[in-house]
> 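Structure below; questions to follow.
Bear in mind that the values here come from a model prediction, so they are computed numbers and not experimental data.
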Amino acid sequence: PEVRMSFTRFGASFDLRCSAQELAVSYAPDAVEKALAADESARARFHKAELALLKEKNLVVFNYNDPKDNAAARSHVHSMRLVKGRLEKARKTDHNFVCQKRPQEDFKREGIDSIWMPHAVEPLAYPYIPSIKKYDLCFIGNMNDPGRVAALDHMFSAFPNFFFGKRLFEEAAEKYCQSKVVFNLSIKDDLNMRTFEVMGSGGFLLTNELPDLAEFFKDGVHLATYKNFDEAVDKARFYIENDDARERIALAGHNEVMR
């Protein structure tokens, strides 16, 4: 018998249909493969490798993504319209997976079971790239939250030798490896993708304390955490000045993510 499953996250749902013989993963239609044909960017190379693996394993691939939800997805808005859409789709499936714990409460209130499946990192997309340290501090991402803007202003003022910008995949991984400390401020306490991508690339992560972080990583062992901006500055300065301690934690974090 066929089993239907759906993965839901902000702005996007991914359907799975599986039988005893085959698993069909909802991710990208044939049109995506054609669009990637002439693209040699890091993003395209990753998706080409991904699609090749799916074909090798005899997996069928599809995609669902509501364009109307894109802005909300980028800004981590947890709107009622997105909740309603997820719930409607979840009622049609046998198993539902969420990448943050918060949506589980929405499902539970509606009598729908869900499974928390946190983010991870793909080594092909975020490889470890041995590099000479060029920056004291690094942040790669969007300025889409007032708290994040304030935090980065505080950190960059304290550490003027910083890198800030938007990068993806190998280009992001290279900057992480070139930086002594990679800064993270998660929006809405999400256990975000940056958490895994930085450590997967071999970078040293300094992140705000998160409710679910301790289920996976330990402060001072796999990464460093902070409670407020002043503590973030103090810890960043300590690890910038103490190479051995920083590199030991970065290696432990990398090994834990890749385990």
> Tracing side-chain links under 4.5 Å among I, L, V, M, F, W and Y, which residues wind up in one group with Val221?
none
> Would Phe107 and Trp116 count as a close aromatic pair, with their ring centres under 6.0 Å?
no
> Please tabulate, one pair per line, all N/O donor-acceptor pairs under 3.5 Å involving side-chain atoms of residues 247-259, not counting sequence neighbours.
unit_1	atom_1	unit_2	atom_2	d
His254	ND1	Met199	O	3.1
His254	ND1	Gly200	O	3.1
Asn255	ND2	Leu251	O	3.4
Glu256	OE1	Arg259	NE	3.4
Glu256	OE2	Arg259	NE	3.4
Glu256	OE2	Arg259	NH2	2.9

> Quick check for you: to the nearest 0.5 Å, what is the distance between Arg167 atom CZ and Tyr176 atom OH?
11.0 Å
> Please identify each residue that fulfils side-chain contact (heavy atoms from CB on, under 4.5 Å) with Ile129, with sequence neighbours left out.
Pro127, Ser131, Ala173, Glu174, Cys177
> Mind checking what makes salt bridge (charged side-chain N to carboxylate O under 4.0 Å, His left out) contact with Asp145, not counting sequence neighbours?
none
> Set out, in order, the CA-CA distance, both residues' side-chain angles and the distance that settles side chain to side chain contact (heavy atoms under 4.5 Å, CB included) for His119 and Gln100, then state yes or no.
CA-CA 8 Å; His119 288 301; Gln100 305 294 341; 3.7 Å; yes
> For the residue pair Val198 and Phe204, establish whether any side-chain heavy-atom pair is separated by less than 4.5 Å.
no
> Side-chain polar contacts of residues 233-242 - donor-acceptor pairs under 3.5 angstrom, sequence neighbours left out - could you list them?
unit_1	atom_1	unit_2	atom_2	d
Lys235	NZ	Asp219	OD2	3.1
Lys235	NZ	Thr225	O	2.7
Asn242	ND2	Phe238	O	2.6

> When clusters are formed from ILVMFWY side-chain contacts under 4.5 Å, directly or step by step, what else is grouped with Phe229?
none
> Could you give me the CA-CA distance, side-chain angles and deciding distance for Asn144 and Arg148, then say whether side chain to side chain contact (heavy atoms under 4.5 Å, CB included) is met?
CA-CA 7 Å; Asn144 55 355; Arg148 180 175 286 176; 3.4 Å; yes
> Kindly list each side-chain donor-acceptor pair under 3.5 angstrom involving residues 179-186, sequence neighbours excluded, with atom names and distances?
unit_1	atom_1	unit_2	atom_2	d
Ser179	OG	Lys175	O	2.7
Asn184	OD1	Asn192	ND2	3.1
Asn184	OD1	Arg194	NH1	2.6
Asn184	ND2	Asn192	OD1	3.4
Asn184	ND2	Thr207	OG1	2.9
Ser186	OG	Asp190	N	3.0
Ser186	OG	Asp190	O	2.3

> For Asp243, does the CG atom sit with more than 12 other heavy atoms under 6.0 Å from it, leaving out its own atoms?
yes
> So how far is it from Lys108 NZ to Ile112 CD1, rounded to the nearest 0.5 Å?
13.5 Å
> Aromatic rings Phe139 and Phe164: how do their planes relate, parallel, tilted or perpendicular, breaks at 30° and 60°?
parallel
> For Lys166, what residues pass the salt bridge (charged side-chain N to carboxylate O under 4.0 Å, His left out) criterion, not counting sequence neighbours?
none
> I'd like a table of donor-acceptor pairs (distance under 3.5 Å, sequence neighbours excluded) in which one partner is a side-chain atom from residues 151-163, with atom names and distances.
unit_1	atom_1	unit_2	atom_2	d
His154	NE2	Asp230	OD1	3.3
Ser157	OG	Asp153	O	2.7
Asn161	ND2	Lys134	O	3.3

> If we only count heavy atoms from C-beta on, is the Asn208 to Leu213 side-chain gap below 4.5 Å?
no
> Looking at residues at least two apart in the chain, or sitting in another chain, which of them share a salt bridge (charged side-chain N to carboxylate O under 4.0 Å, His left out) with Lys101?
Asp212, Glu215
> Just so I know, are the side chains of Ser201 and Tyr126 near enough to count as touching, which here means a heavy-atom distance under 4.5 Å?
yes
> Could you state whether Phe216 and Tyr226 fall into the same hydrophobic cluster, counting links through intermediate Ile, Leu, Val, Met, Phe, Trp or Tyr residues with side-chain heavy atoms under 4.5 angstrom apart?
no
> Going by side chain to side chain donor-acceptor pair (under 3.5 Å), name the residues that satisfy it together with Glu231, two or more places apart in sequence or in a different chain.
none
> Can you get from Met143 to Leu206 by hopping between Ile, Leu, Val, Met, Phe, Trp and Tyr side chains that sit under 4.5 Å apart?
yes
> Hydrophobic clustering (ILVMFWY, side-chain heavy atoms < 4.5 Å, transitive) - are Tyr135 and Leu223 grouped together?
yes
